[in-house]
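I have placed the structure first, in the form of structure tokens, so that the comments after it can refer back to it.
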Amino acid sequence: MKKMVVVLEKNLESSKEVINATLNKLSAILNLKDKYIEVYLAGKDKMEELGKKAGPGHHLNVLSFEPSKNFPRPDIENYQDLGEIYLNPIYIQEDGGDLIYMLVHGLLHLLGYDHKNKSDRMKMEAKEKELCQQINS
């Protein structure tokens with residue numbers, strides 16, 4: 001997996017290492033060697049701005065965006081672009097959440113999982129639980 005982890009606020013720098021390590025594990029578990037992903041560590045203001053663009057019902061903890069269809073990416077020509085994940089580590093921690101779980105959640109959205117109905121939500125939650133167990137073992 002080719003990845004880029006970008007820290008948008010200096011106070012979030014400490015989360016970069018755990019994100020990189022987790023992406024490496026997820027790449028091995030899910031066989032994502034030919035995939036490309038960008039993860040942004042963002043604060044409240046950026047997440048609110050992006051949430052407004054994403055539409056109602058989006059949260060301040062994690063947002064996933066599929067890649068633009070007509071945007072050329074010669075820098076990653078040998079990889080399939082999965083898209084972008086935005087994480088707000090401070091909000092996740094203050095809300096009692098888990099940064100790794102939120103990263104897994106965002107990645108699963110980019111891989112086609114969703115939680116619009118009960119059946120889909122159950123499949124996604126089962127996959128999240130399975131991946132988090134594998135990451136932590």
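Keep in mind that what you see is a predicted model, and the values were worked out from it rather than measured. Index from 1, following the sequence.
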Would [X] and [Y] show up in the same hydrophobic cluster when neighbours are defined by side-chain heavy atoms closer than 4.5 Å?
X    : Y    : result
Y91  : L87  : no
V5   : Y101 : yes
V6   : Y79  : yes
I19  : L63  : no
M102 : I85  : yes

Write down the atom of [X], the atom of [Y], and the distance for their closest heavy-atom approach.
X   : Y    : result
F65 : L110 : O-CD2, 3.5 Å
I76 : D81  : CD1-CB, 3.7 Å
M4  : Y40  : CE-OH, 3.9 Å
L23 : M1   : O-SD, 4.0 Å
S64 : G106 : OG-O, 2.9 Å
K2  : D75  : NZ-O, 3.3 Å

Can we say E130 and K127 salt-bridge, meaning some charged N sits less than 4.0 Å from an Asp/Glu carboxylate O?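 Judged by the 4.0 Å cut-off on N to carboxylate O distance, E130 and K127 do form a salt bridge.
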Side chains of N24 and K3: is there a donor and an acceptor less than 3.5 Å apart?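 Yes.
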Do [X] and [Y] touch side chain to side chain, with heavy atoms closer than 4.5 Å?
X    : Y    : value
Y86  : M47  : yes
V39  : N20  : no
H105 : Y113 : no
L50  : K46  : yes
L131 : L30  : yes
I90  : N11  : yes
E9   : L41  : no

Nearest 0.5 Å please: distance from the [atom1] atom of [X] over to the [atom2] atom of [Y].
X    : Y    : atom1 : atom2 : result
L82  : L107 : CG    : CG    : 6.5 Å
I29  : Q134 : CD1   : CD    : 4.5 Å
L108 : E125 : CG    : CD    : 11.0 Å
L32  : Q80  : CG    : CD    : 9.5 Å
I135 : L103 : CD1   : CG    : 7.0 Å
S119 : D114 : OG    : CG    : 11.5 Å

Please confirm whether the backbone N or O of I100 pairs with a side-chain atom of D98, one donor and one acceptor, at under 3.5 Å? yes
Has N136 got a side-chain atom pairing as donor or acceptor with C132's backbone, closer than 3.5 angstrom? yes
Taking the inter-plane angle between the rings of H109 and H115 on a 0 to 90° scale, is it parallel (under 30°), tilted (30 to 60°) or perpendicular (over 60°)?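 Ring orientation of H109 relative to H115: perpendicular.
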Heavy atoms of other groups near E49 CD, more than 12 under 6.0 Å: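 Yes.
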